[in-house]
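Here's the structure, in structure tokens; my notes come after.
Here is the naming used below: chain letters follow the sequence lines, and residue numbers restart at 1 for every chain. Not measured: the values here are computed from a predicted model.
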Amino acid sequence: MKENEPSLTEQARFRREKLEEIRAMGMDPYPHEFETDHHADDILSKTDLLEGSEEERPRVRLAGRIMTRRIMGKAAFFNLQDQSGTIQVYIRRDDVGTDIYNTLFKKYIDLGDIVGVSGFVFKTRTGETTVHAESFSLLTKTLRPLPVAKEVEDEEGNVTVFDAFADKELRYRQRYLDLIVNPHVRDVFVKRSQMIQEMRSFMTQKGYLEVETPILQPVYGGAAARPFETHHNTLDMKLYLRIANELYLKRLIIGGYEGVFEFAKDFRNEGMSRFHNPEFTQVELYVAYKDYNWMMSFVEQMIEHVVLKLHGTTKVTVGDNEIDFKAPWKRIPMLDSIKESTGVDLSGMDEEEMRQAARNLGVSVDNTMGKGKIIDEIFGEKVEHTLIQPTFITDYPIEMSPLAKKHRSKDGLVERFELMCNGKELCNSFTELNDPVDQRERLEEQARLRSEGDDEAMVVDEDFLRALEYGMPPTAGLGIGIDRLAMILTNQDSIRDVLFFPHMRPD
RNA sequence: GAAUCGGUAGCUCAGUCGGUAGAGCAACGGCCUUUUAAGCCGUGGGUCGAGAGUUCGAGCCUCUCCCGAUUCACCA
């Protein structure tokens, strides 16, 4: 036995000692492979595994972690958890031998260890489908105890969990443990993956090309946000982690592709909250010869399709709300939505009248704000949180949208929509600005705001402007917040619960 | 960035008035061949988030700091 290492807990020391004992038995505690042919859910669902006498039944091989154990002298039950779920295994000394049962299984195996078994399926006298092990082997010895919870299932199938591993800090910092002991957490991420997969195939089937564009950018653009900065040693230059990929996808439209999309990790050096993580995922899509009206129809079809695939219905329960994604969705111009919610008609007001209207509504505005900012402020304070069912808010003030094309009929507005859902923005989309002269003026206005201290104003991207001068066809663009959509479709109220590894301060 | 709440055994949590650090599960030693929060007998396990202060004495009181959760502010 080794000298106790004071930094280890008693339980961790015991496991290291067991590891040595297993090696002393001539066994490898970390073998190279183990062939399996079944998962837990296969065994629970396939009735043919129970046909005939025990000798006649097919043999199954499976592997996973030991999550609970009930030893009764010369026989024992344990629960084996794999990716698909959990199944009970029955093991007896008289089947697997004294070395394997008494020494390996009873003395040296711990909860959490990864093991492989083979045997036949039977039902216990209480009716539980169980694998009767004919062989048992250790596949990976664990050195730390798992935070295993106990579960009780009553006759209605309701599961009560005792002492669950619930500390959010530990769950986020050690997500692998969360995934092992909280199976419902695995389901959330499976749903997220399916959601992305359905969107991908939906867009691919339309003929759009999935692309990859730079994350390290010499000039950041495509959104209003502060970036993360980094440095390229060889070129000795500053680079930025992208805040959006919009301007690169537009370059590809200029290059002749008529539909491109990218699932993109974007990075914004701003606050964290249950709706914000410094790195987050958007899908952006650009389609040539289309406008924002077409895009509204596209996105409602795509999301309706995804919701149907994931839930089998267009209705999703989120917190206290039931959201119905059945298309078509309500479309309402921003000023009309403000009028609808507050009774105040801002159209036709000058800047000073608007400022007064905002104050009358209890929305704080200051004298540096222009009309666009005031409208945005009123909308954000008074309307946004009331929009629970999917709703397209259209026709935004031009000041807030330097990359969107001017509205074809409404002065001072652009052809832009945001999709609101469960009181939050889910999508952002425009008829893209493709007039290079107008675009230059708008970006130069951004540069002016920037020089006045607005550190979220956009930077002039000369290479992008040059590309636009070669001609971008009329184009509709779309961005969807993947994390927020995942939150809605999995009924999670924090972005951290749909990110495997949410950003945390170092501990 | 602000406010509130929290950090005690591997996990979930108690800890009274400032007076030897507690429980359940997990672990360790036994018994037990259809159990399922298995059961029965026995045992060990603690830098009480970190540091300083007050005190004869601090898990508890005071101060500073660290980490987290929630809400608010900015943002998608």
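Rounding to the nearest 0.5 angstrom, the gap separating the CD atom in A:Q88 from the CD1 atom in A:I43 is 12.5 Å. Here OH of A:Y292 is found 9.5 Å from OG of A:S429. Values are rounded to the nearest 0.5 Å. Rounding to the nearest 0.5 angstrom, the gap separating the CE atom in A:M302 from the CD1 atom in A:I480 is 3.5 Å. Once rounded to the nearest 0.5 Å, the distance linking CD of A:E20 with CD of A:E17 reads 9.5 Å. How far OG1 of A:T386 is from CD1 of A:I388: 7.0 Å, rounded to the nearest 0.5 Å.
Within the 4.0 Å cut-off from OP1 or OP2 of B:U35, not a single side-chain nitrogen or oxygen of A:R70 is found. Dashed line: the shortest gap from a side-chain N or O of A:R13 to OP1 or OP2 of B:G45 is not under 4.0 Å. Remark: A:R496 is in phosphate contact with B:A69, judged by side-chain N or O atoms under 4.0 Å from OP1 or OP2.
On the C1' atoms, B:G49 is 16 Å away from B:C5, given to the nearest whole Å. Distance noted for atom P between B:A26 and B:A69: 30 Å (whole Å). For the C1' atoms, the distance linking B:G24 with B:G15 amounts to 15 Å, nearest Å. Using P as the reference atom, B:C60 and B:A9 are 15 Å apart when rounded to the nearest Å. Using atom C1' as the reference point in both B:G29 and B:G44, the two lie 10 Å apart (nearest Å). On the C1' atoms, B:A58 is 10 Å away from B:G19, given to the nearest whole Å. Rounded to whole Å, the C1' atom of B:G59 lies 7 Å from the corresponding atom of B:U8. Look at the P atom in both B:C63 and B:U70: the space between them is 26 Å, to the nearest Å.
Here the C1' atom of nucleotide B:A69 and the CG atom of A:L170 are 12 Å apart, to the nearest Å. With rounding to whole Å, A:M420 atom CE is found 10 Å from B:A76 atom P. Nucleotide B:A76 holds its C1' atom 17 Å from the CZ atom of A:F263, rounded to whole Å. Distance A:F275 CZ to B:U70 C1': 13 Å, rounded to the nearest Å. Put simply, CD on A:E21 is 11 Å from P on B:G29, counting in whole angstrom units. Rounded to whole angstrom, the span from the CD atom of A:E425 across to the P atom of B:C74 amounts to 15 Å. Atom CZ of A:R274 and atom P of B:G68 are 18 Å apart (whole Å). Here B:A76 presents its C1' atom at 14 Å from CG of A:N245, a figure rounded to the nearest Å.
Within the nucleic acid shown, A:D493 has no heavy atom closer than 4.0 Å to any nucleic acid atom. Using a 4.0 Å heavy-atom criterion, one finds that A:R505 contacts the sugar-phosphate atoms exclusively. Within the 4.0 angstrom heavy-atom criterion, base atoms lie near A:E128. Residue-level contact check: A:R173 touches the backbone only, with heavy atoms under 4.0 Å from sugar-phosphate atoms and none from bases. Among the atoms of the strands shown, only primed sugar atoms or phosphate atoms (P, OP1, OP2) are found under 4.0 Å from some heavy atom of A:F165. A:R171 comes within 4.0 angstrom of nothing in the nucleic acid, heavy atoms only. Contacts of A:A166 with the nucleic acid, taken as non-hydrogen atoms under 4.0 Å apart, involve only primed sugar atoms and P, OP1 or OP2. Residue-level contact check: A:D167 touches the backbone only, with heavy atoms under 4.0 Å from sugar-phosphate atoms and none from bases.
The nucleotide B:U4 finds its pairing partner in B:A69, both defining distances of the Watson-Crick or G-U wobble pair being shorter than 3.5 Å. In this structure B:C25 sits in a base pair with B:G10, meeting the Watson-Crick or G-U test at under 3.5 Å. Under the Watson-Crick or G-U wobble criterion, with both distances below 3.5 Å, B:U62 is paired with B:A52. Across all strands shown, B:A37 forms no Watson-Crick or G-U wobble pair with both distances under 3.5 Å. Pair check for B:U47 finds none; no Watson-Crick or G-U wobble contact set falls under 3.5 Å. Across all strands shown, nothing is found opposite B:U20 as a Watson-Crick or G-U wobble partner with both distances under 3.5 Å.
Minimum heavy-atom separation, A:P402 to A:L433: O-CD2, 3.9 Å. Nearest heavy-atom pair, A:H503 versus A:M272, reported as atom, atom and distance to 0.1 Å: O-CE, 3.4 Å.
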Please tabulate the protein-to-nucleotide N/O contacts below 3.5 Å involving nucleotides 4-6 of chain B, giving atom names and distances.
none

Sort me out a list of protein N/O and nucleotides 21-28 of chain B N/O pairs below 3.5 Å, or just none if empty.
from, atom 1, to, atom 2, distance (Å)
B:G24, N2, A:D163, OD2, 2.8
B:A26, OP1, A:K150, NZ, 3.0
B:A26, N3, A:Q11, NE2, 3.2
B:C28, OP1, A:K18, NZ, 2.2

Next on the checklist: side-chain hydrogen bond (donor to acceptor under 3.5 Å, both in side chains), that's the test. Do A:N428 and A:R416 meet it? Break it down for me.
Outcome noted: CA-CA 8 Å; A:N428 185 19; A:R416 172 180 182 179; 2.9 Å; yes
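Between A:Y101 and A:F105, the two ring planes are parallel [angle under 30°; tilted spans 30° to 60°]. In this structure, A:F189 and A:F500 have parallel ring planes: the angle between them is below the 30° cut-off, well short of the 60° mark.
Using a 4.5 Å cut-off on side-chain heavy atoms (C-beta onward), A:M504 and A:E169 make contact. Here the side chains of A:M67 and A:V148 are in contact, with some heavy-atom distance below 4.5 Å.
Residues in residues 179-189 of chain A take part in these side-chain hydrogen bond (donor to acceptor under 3.5 Å, both in side chains) pairs, two or more places apart or across chains: A:D178-A:N182.
Near RNA chain B, defined here as any heavy-atom distance below 4.0 Å, there are no residues from residues 129-140 of chain A. Annotation: proximity of residues 116-125 of chain A to RNA chain B (heavy atom, distance under 4.0 Å) is found for A:F122, A:T124, A:R125, numbered in ascending order.
Proximity of a side-chain donor or acceptor of A:R192 to a complementary backbone N or O of A:V498 within less than 3.5 Å is detected. Panel note: side chain A:T391, backbone A:Q389; a donor-acceptor pair is recorded below 3.5 Å.
Summary of the strand contacts: A:F77 and A:K106 both lie near RNA chain B, and taking for each the nucleotide with the nearest heavy atom, the more 5' one is attributed to A:K106.
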Using residues 278-285 of chain A as the side-chain source, report each donor-acceptor pair under 3.5 Å to any protein atom, sequence neighbours left out, with the distance given to one decimal.
from, atom 1, to, atom 2, distance (Å)
A:E279, OE1, A:K265, NZ, 2.7
A:Q282, NE2, A:D266, OD2, 2.9
A:E284, OE1, A:Y286, OH, 2.7

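With a 6.0 Å radius and a threshold of 12 heavy atoms from other residues, nucleotides or ligands, A:Q83 has its CD atom at or below the threshold.
A stacking contact links A:F280 to B:A76: the aromatic ring centre lies within less than 5.5 Å of the base's six-membered ring centre, and the planes differ by less than 30°.
With respect to A:K107 and A:E21, no salt bridge is recorded, no charged nitrogen being found less than 4.0 Å from a carboxylate O.
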